[in-house]
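Order of the sequence lines sets the chain letters (A, B, ...), proteins ahead of strands, with each chain counted from 1.
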There are 2 protein chains.
Amino acid sequence: MNRADQDACRAWQLLMKFFFAQRGHLPASGAEFDLSPIQCHVLHLIEPGRPLPMSRLADTLSCDASNVTGLVDRLESRGLVRRRPSPRDRRVKVLHLTPTGARLRARLLRQMAGRSLPLSRLSLDQQRTLVKILEALVDEK
Amino acid sequence: MNRADQDACRAWQLLMKFFFAQRGHLPASGAEFDLSPIQCHVLHLIEPGRPLPMSRLADTLSCDASNVTGLVDRLESRGLVRRRPSPRDRRVKVLHLTPTGARLRARLLRQMAGRSLPLSRLSLDQQRTLVKILEALVDEK
DNA sequence: TATTGTTATACTCTATAACTATA
DNA sequence: TATAGTTATAGAGTATAACAATA
């Protein structure tokens, strides 16, 4: 294995380590707000002011549509999200955050960042470089 | 908010986006090997040649010990891991990968890296910088 | 007394199959 | 015919409480 391959290999090993470490923190992060990990994930995906069709949620979560029904039922009964009919396609229901849901989402994300991302270990230069790299790595479409 | 705070804010927003994107891919990644997301996580945590006590697994997953019992039951019945008594403390059981488990773990991690980490979008310089940054960010203890 | 792991129980998460409404 | 969403069902994931064995 050449030097470039070694670097790439090391990079994805560390990215996976980071990912699974975050995944390990998620149950405790969510529990502070009485949210399951998957509920945290849904809340992250429904951005304020950006309604999301149920089917898109199922795709992004890599799960079956029947699963999303129950998931959204529970979030809706807690007053965090709301289903609304789509004006364009009467089969579709789009998901909105309620004001309560938006506030909880913001608190959750702040808490997750504070709990598990020791950015203070990085220099300002490193933080800026990290931003550039992540922008290349995370598909924003 | 000053410039430094903006950079830090953007950095953790992107890290969270990366994390949840990976989390979204995990069910499909695991399904190719008939593994649930949590089973993938456990397999990642039990490194070959590095036995792991059950209690440590519960801590790292932020879950209750009673949960780990069932989790390990299912992995053990598939021949992927084995419980062994600890020689030092007779209350403790440590987890080992079987050869089959170690092979499956390697295949899973290779597949995850190939599926979801488009490192080819990064220059070699960026990859090397990313490694340095992640080493600072991921607690290796 | 405290800790490790198991069991019993109940609820959430999840996929499969069958269904309705709409496109 | 195909797609969006629901329902029913069954199995996996999860926490709580009570327990046995060991420290």
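We find that CZ of B/R91 is positioned 17 Å from P of C/dT1, with the value rounded to whole Å. Protein atom CG of A/L71 is 6 Å distant from nucleotide atom P of C/dT14, rounded to whole Å. Look at CG on A/L52: it is 13 Å from P on D/dA4, rounded to the nearest Å. The CZ atom of A/R84 sits 16 Å away from the P atom of D/dG5 (whole-angstrom rounding). Atom-to-atom, CE of A/M54 to P of D/dT3 comes out at 18 Å; the value is rounded to the nearest Å. In this structure, A/D73 places its CG atom 7 Å from P of D/dT7, rounding to the nearest Å. D/dG11 atom P lies 20 Å from atom CG of B/L35, rounded to whole Å. The distance from atom CG of A/L57 to atom P of D/dT6 is 11 Å, rounded to the nearest whole Å.
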Side chain to side chain donor-acceptor pair (under 3.5 Å) between A/D125 and A/S123, worked out: CA-CA 5 Å; A/D125 248 19; A/S123 70; 5.8 Å; no

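Ranking C/dA15, C/dT3, D/dG13 by closeness to the A/C63 side chain, first place goes to C/dA15. Closest approach to the B/Q39 side chain among D/dG13, C/dG5, C/dA21 is made by D/dG13 (side chain taken as heavy atoms from C-beta onward). In this structure, of D/dT14, C/dT4, D/dT16, it is D/dT16 that holds the atom nearest to the side chain of B/D64. Among the nucleotides D/dG13, C/dC13, C/dT6, the one closest to the side chain of B/K93 is C/dT6.
In summary, of the residues considered (B/V94, B/L95, B/L75), a side-chain contact (heavy atoms from CB on, under 4.5 Å) with B/R83 occurs for B/L95 alone.
Between D/dA12 and B/R74, no contact under 4.0 Å exists linking OP1 or OP2 to a side-chain N or O. Contact annotation: A/R83 side-chain N/O to D/dA4 OP1/OP2 distance is not under 4.0 Å. OP1 or OP2 of C/dA15 sits under 4.0 Å from a side-chain N or O of A/N67. At the phosphate of D/dA4, neither OP1 nor OP2 sits under 4.0 Å from any side-chain N or O atom of A/R90. For D/dT14, neither phosphate oxygen OP1 nor OP2 lies less than 4.0 angstrom from any side-chain nitrogen or oxygen of A/S36.
In terms of heavy atoms, A/L108 sits closest to A/S29 at CD1-O, 4.2 Å.
For the pair B/G70 and B/D89, both in contact range of DNA chain D, the more 5′-proximal nearest nucleotide belongs to B/G70. The 5' end of DNA chain C is approached more closely, in terms of each residue's nearest nucleotide, by A/A65 than by the other of A/A65 and A/R88.
The base of D/dT7 lies outside donor-acceptor range of the side chain of A/T69, with no N or O pair under 3.5 Å. For A/S66 against C/dT14, no side-chain N or O and base N or O form a donor-acceptor pair under 3.5 Å.
Note on A/S62: only backbone sugar-phosphate atoms sit closer than 4.0 angstrom, heavy atoms only; bases stay farther off.
The backbone N or O of A/S36 lies less than 3.5 Å from a partner atom in the side chain of A/Q39, making a donor-acceptor pair.
Between B/E135 and A/R10 there is a salt bridge, since a side-chain N of the basic residue sits under 4.0 Å from a carboxylate O of the acidic one.
For the residue pair A/R23 and B/H41, a side-chain donor N or O sits within less than 3.5 Å of a side-chain acceptor on the partner.
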